Amino acid sequence: MTRAHGDVRWMEDLPVLQDRPWLQLGLTLAITGAALLIRIGLRPFLPPGLPYATFFPAVIVTSFLFGARPGLLAAVLGGILGWVFFMGDPFAPSPLPGAAPSIFLYSAADALILLLFHWMQTATASLVAQRERNRRLAETRTLLFHELQHRVSNNLQVAAGLLALQKRHVGDPAAQAALDEAARRIGTIGRISRQLYRSDGAASGVRGLLGPLIDDVVEASGKPVAVAIDDPDALELAPDAAVPVALIVAEAVANAIEHGLAGREGGRIAIRCLRREHGFAIEIEDDGQGLRPGFEMARHASLGLHIAATLAGQLGGRFEMVARPRGALARLVVP
């Protein structure tokens, strides 16, 4: 198991050597034997009433490392060794004064320690098992999410393809243009859904999300338009806002290419993402022919701009077109 500095997950590996019981037994005997030797060495310095001074720590160490059963063995062995070596003749008519209280206290303390460690290690094992189940459930959820996301995106692309096929059977140029627009928008939604939604619900960076989408819009237009995205504040969007915002920006860019840069081989479009005290703003500015005199959104906006304004309203914000000395500026403001 990988452990970071200061992490206490190493305790989840306890008790150790459960698959090697003979090694557990040998180490338990070794720890108990070491406790006996230490107690013998401390005999001149300890009063007779402490026969189990070193055996009790041996029980704690054994229970902590190997579990309750080896700890019980260490407790029994320590009790016998302390009785035999440090209480005089255990079968004498008058045993050493204080022997009974020492044995009682040693037995009670050992029983408490064994129960405590058994409960702790059982609870730890249960937590580890629960975490592993949660990890498997999270992996399954992520796989199902990506599969659903993939299917939704594919279905949208299929719908866009069906609209493109239907256009072949329509002779009216206006109807063909409407079908083209519908197919483009559905395809855009499919690409957005593939890029923006994340199974963990985390926010997504605007630059990373808009870049591929705008490239698709420019490529679909067939014009060599240079697009620059300026995001100094590293703006991030929640998943519920990312899709409508991306659609609004895509519509604004498509409108700039179709109308602002009409009759030109290329042009430049600048996208600026600005964080505000309450919310954010995204500006899309082109260097095209600008807005018609007396332009009003309600009267002169294209279907794409009306869609952008509707989506902005659903976000609680506004979408507006602003005239520039050269070109036009589309601005999305979300509080």
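Just so you know, these numbers come straight off a predicted model, no measurement behind them. FYI, the numbering just counts along the sequence from 1.
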Exercise. Kindly indicate, with the supporting measurements, whether the criterion side-chain contact (heavy atoms from CB on, under 4.5 Å) is fulfilled by I113 and F56.
Key: CA-CA 9 Å; I113 286 297; F56 182 64; 3.7 Å; yes

Self-check item: CD1 on I282 to CG on L235, rounded to 0.5 Å
Solution: 6.0 Å

Exercise. To the nearest 0.5 Å, tell me how far R207 CZ sits from I214 CD1.
Key: 12.5 Å

Self-check item: Any donor-acceptor N/O pair, T28 side chain to Q24 backbone, under 3.5 Å
Solution: yes

Show me, pair by pair, the donor-acceptor contacts under 3.5 angstrom made by side chains of residues 59-74, not counting sequence neighbours?
unit_1	atom_1	unit_2	atom_2	d
T62	OG1	A58	O	2.7
S63	OG	V59	O	2.8

Quiz item: Do you reckon L305 sits in the same ILVMFWY cluster as L303, going by side-chain contacts under 4.5 Å, direct or chained?
Solution: yes

Quiz item: If you group Ile, Leu, Val, Met, Phe, Trp and Tyr by side-chain heavy-atom gaps below 4.5 Å, do L291 and I269 land in one group?
Solution: yes

Practice problem: Applying side-chain hydrogen bond (donor to acceptor under 3.5 Å, both in side chains), name anything that partners E296, two or more places apart in sequence or on another chain. | Solution: none

Quiz item: Can you hop from V243 to I229 via hydrophobic side chains spaced under 4.5 Å?
Solution: yes

Quiz prompt | Nearest non-hydrogen partners of P232 and C273, listed with the distance | solution = CD-O, 3.6 Å

Exercise. Taking atom CD of Q130 as the centre, report whether more than 12 heavy atoms of other residues, nucleotides or ligands fall under 6.0 Å from it.
Key: yes

Practice problem: Could you check if a side-chain atom of S302 sits within less than 4.5 angstrom of a side-chain atom of H259, using non-hydrogen atoms only? | Solution: yes

Exercise. Supply the atom-to-atom distance L209 CG to D231 CG, rounded to the nearest 0.5 angstrom.
Key: 10.0 Å

Quiz item: Could you state the interatomic distance from OG1 (T54) to CD1 (I38), rounded to the nearest 0.5 Å?
Solution: 6.5 Å

Quiz item: Of all heavy-atom pairs between Q18 and P15, which one has the smallest distance, and what is that distance?
Solution: NE2-O, 3.2 Å

Quiz prompt | Flag side-chain contact, heavy atom, 4.5 Å: V333 against R276 | solution = yes

Self-check item: Close side-chain approach of R136 to E132, heavy-atom, < 4.5 Å
Solution: yes

Quiz prompt | CD1-CG distance between I284 and L210, expressed to the nearest 0.5 angstrom | solution = 8.5 Å

Quiz item: Looking at R331, R272, R268, which hits side chain to side chain contact (heavy atoms under 4.5 Å, CB included) with E285?
Solution: R272

Quiz item: Is there a donor-acceptor pair under 3.5 Å between the side chain of E265 and the backbone N or O of P224?
Solution: no

Quiz item: Under a 4.5 Å side-chain heavy-atom rule over Ile, Leu, Val, Met, Phe, Trp and Tyr, are W119 and F117 clustered together?
Solution: yes

Quiz item: If every non-hydrogen atom of G260 is compared with every non-hydrogen atom of D286, which pair is closest and at what distance?
Solution: CA-OD1, 4.4 Å

Quiz item: Any side-chain heavy-atom pair from V206 and F280 closer than 4.5 angstrom?
Solution: no

Quiz item: For the residue pair A234 and R275, what are the closest heavy atoms and their distance?
Solution: O-NH2, 3.6 Å

Quiz item: Just wondering, do L261 and D287 contact through their side chains at under 4.5 Å, heavy atoms?
Solution: yes

Quiz item: When you look at V217 and V249, which way does the side-chain contact (heavy atoms from CB on, under 4.5 Å) test go after all the steps?
Solution: CA-CA 10 Å; V217 174; V249 174; over 6 Å; no

Quiz item: For N255 and E251, what are the C-alpha separation, side-chain angles and deciding distance, and is it a side-chain hydrogen bond (donor to acceptor under 3.5 Å, both in side chains)?
Solution: CA-CA 6 Å; N255 181 77; E251 290 293 347; over 6 Å; no

Quiz prompt | Minimal non-hydrogen separation, H300 against G294, with atom names | solution = CE1-O, 3.3 Å

Quiz item: So if you build clusters from Ile, Leu, Val, Met, Phe, Trp, Tyr with side-chain heavy-atom gaps below 4.5 Å, do L25 and L114 land together?
Solution: no

Quiz item: For L315 and P244, which heavy atoms make the closest approach, and how far apart are they?
Solution: CD2-CG, 3.7 Å

Quiz prompt | Greater than 12 external heavy atoms within 6.0 Å of R324's CZ | solution = yes

Quiz item: With a 4.5 Å heavy-atom cut-off, do F295 and M321 have their side chains touching?
Solution: yes

Quiz item: Do the side chains of Y52 and I103 get nearer than 4.5 Å, heavy atoms only?
Solution: yes

Quiz prompt | 4.5 Å side-chain heavy-atom contact, L311 and F319 | solution = no

Self-check item: Atom pair CD (E283) and CG (L329), whose distance is rounded to the nearest 0.5 Å
Solution: 5.0 Å

Quiz item: For D19, what residues pass the side-chain hydrogen bond (donor to acceptor under 3.5 Å, both in side chains) criterion, not counting sequence neighbours?
Solution: none

